[in-house]
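Data block below; observations after.
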Amino acid sequence: QVQLVESGGGLVQAGGSLRLSCAASGRTFSTYTMGWFRQAPGKDREFVAGISWNGGSTYYADSVKGRFAITRDNAKTTFYLQMNSLKPEDTAVYYCAAREIIGDPSLSYEYSYWGQGTQVAVSS
């Protein structure tokens with residue numbers, strides 16, 4: 001069992017930066033693929049970024065590639081999403097998630113554990 005708690009959301013102006021954190025509990029954190037998803041009002045939840053169990057592989061949605069960076073610290077059982085050059089269209093509730101299944105990290109239905117979400121709002 002893994003429990004996830006996000007933090008770091010807030011209001012920022014366009015062009016600014018935020019760093020989201022996701023603290024995980026559970027002994028097997030280091031074996032899980034981790035992902036960030038977001039959901040804007042009236043839209044479906046979408047994949048943002050993913051990272052393999054050892055941090056060796058990272059994956060990004062095209063819309064955030066070059067602006068966002070996902071990292072993890074297995075010793076601290078925490079992973080992060082550094083968001084730079086934020087745009088108003090990045091406004092959403094951001095969720096962290098964990099999965100045991102190896103495969104396409106963008107598939108939300110393969111994630112077993114989810115955080116409660118943290119709001120990110122970017123003003124123009």
Side-chain angles (χ1 to χ4, degrees):
Q1 188 78 9
V2 175
Q3 292 184 321
L4 304 172
V5 179
E6 301 100 335
S7 61
L11 174 64
V12 65
Q13 288 188 329
S17 298
L18 282 174
R19 188 175 82 153
L20 305 182
S21 299
C22 179
S25 64
R27 294 183 300 171
T28 57
F29 169 81
S30 62
T31 67
Y32 285 76
T33 293
M34 309 300 292
W36 286 99
F37 290 77
R38 66 187 182 187
Q39 187 166 19
K43 295 188 177 182
D44 293 335
R45 188 172 298 187
E46 65 173 358
F47 171 75
V48 176
I51 188 166
S52 62
W53 68 274
N54 64 352
S57 298
T58 55
Y59 313 86
Y60 298 95
D62 288 343
S63 59
V64 307
K65 205 170 291 183
R67 299 188 298 122
F68 290 11
I70 186 171
T71 57
R72 68 188 294 163
D73 185 337
N74 285 346
K76 296 182 178 179
T77 64
T78 302
F79 75 116
Y80 308 93
L81 185 68
Q82 177 67 42
M83 305 186 294
N84 299 325
S85 302
L86 282 161
K87 304 175 181 180
E89 51 263 44
D90 295 317
T91 295
V93 176
Y94 283 71
Y95 299 89
C96 62
R99 56 184 278 168
E100 300 169 274
I101 298 173
I102 297 174
D104 185 347
S106 69
L107 300 178
S108 61
Y109 59 82
E110 292 189 349
Y111 285 80
S112 302
Y113 307 102
W114 291 83
Q116 82 288 352
T118 185
Q119 177 71 54
V120 171
V122 184
S123 63
S124 56

Rounded distance [0.5 Å steps], SG in Cys22 versus CG in Leu81: 10.5 Å
Residues in side chain to side chain contact (heavy atoms under 4.5 Å, CB included) contact with Thr91, at least two apart in sequence or another chain: Gln119, Ala121, Val122
ILVMFWY network linking Val64 to Leu20, side-chain heavy atoms under 4.5 angstrom: yes
Ring geometry between Phe79 and Trp36 (parallel below 30°, tilted from 30 to 60°, perpendicular above 60°): tilted
Any residue meeting salt bridge (charged side-chain N to carboxylate O under 4.0 Å, His left out) with Lys43, in chain and number order, not counting sequence neighbours: none
Interatomic distance, Trp114 atom CH2 to Ser108 atom OG [nearest 0.5 angstrom]: 5.0 Å
Heavy-atom donor-acceptor pair, Tyr111 side chain to Pro105 backbone, under 3.5 Å: yes
Non-hydrogen atoms of Leu4 and Ala98 that approach each other most closely: CD1-N, 3.7 Å
Nearest heavy atoms of Arg38 and Ala92, plus distance in Å: CB-CB, 3.8 Å
Arg19 charged N/C atom sitting above Tyr80 aromatic ring, 6.0 Å / 45°: yes
Between OG1 on residue Thr71 and CD on residue Gln82, distance to nearest 0.5 Å: 8.0 Å
Please list every donor-acceptor pair under 3.5 Å in which a side-chain atom of residues 6-18 meets a protein atom from a residue at least two apart or in another chain.
{"residue": "Glu6", "atom": "OE1", "partner": "Gln116", "partner atom": "N", "Å": "3.0"}
{"residue": "Glu6", "atom": "OE1", "partner": "Gln116", "partner atom": "NE2", "Å": "3.4"}
{"residue": "Glu6", "atom": "OE1", "partner": "Gly117", "partner atom": "N", "Å": "2.8"}
{"residue": "Glu6", "atom": "OE2", "partner": "Cys96", "partner atom": "N", "Å": "2.9"}
{"residue": "Glu6", "atom": "OE2", "partner": "Gly117", "partner atom": "N", "Å": "3.2"}
{"residue": "Ser17", "atom": "OG", "partner": "Asn84", "partner atom": "OD1", "Å": "2.9"}

Exercise: identify the closest heavy-atom pair between Asp90 and Arg67: OD2-NH1, 2.8 Å
Side-chain touch Leu107/Ile101, heavy atoms, less than 4.5 angstrom: no
Atom pair CD (Glu46) and CZ (Phe37), whose distance is rounded to the nearest 0.5 Å: 10.0 Å
Can you give the donor-acceptor pairs under 3.5 Å from side chains of residues 53-60 to other protein atoms, not counting sequence neighbours?
{"residue": "Asn54", "atom": "OD1", "partner": "Ser52", "partner atom": "OG", "Å": "3.1"}
{"residue": "Asn54", "atom": "OD1", "partner": "Gly56", "partner atom": "N", "Å": "2.9"}
{"residue": "Tyr60", "atom": "OH", "partner": "Ile70", "partner atom": "N", "Å": "2.8"}

Joint hydrophobic cluster, Tyr113 plus Tyr94, side-chain heavy atoms closer than 4.5 Å: yes
All side chain to side chain contact (heavy atoms under 4.5 Å, CB included) counterparts of Gln3, not counting sequence neighbours: Ser25
Asp62: partners by salt bridge (charged side-chain N to carboxylate O under 4.0 Å, His left out), with sequence neighbours left out: Lys65
Cluster overlap Tyr95 with Met34, hydrophobic side-chain contacts below 4.5 Å: no
Val120 and Met83, any side-chain heavy atoms less than 4.5 Å apart: yes
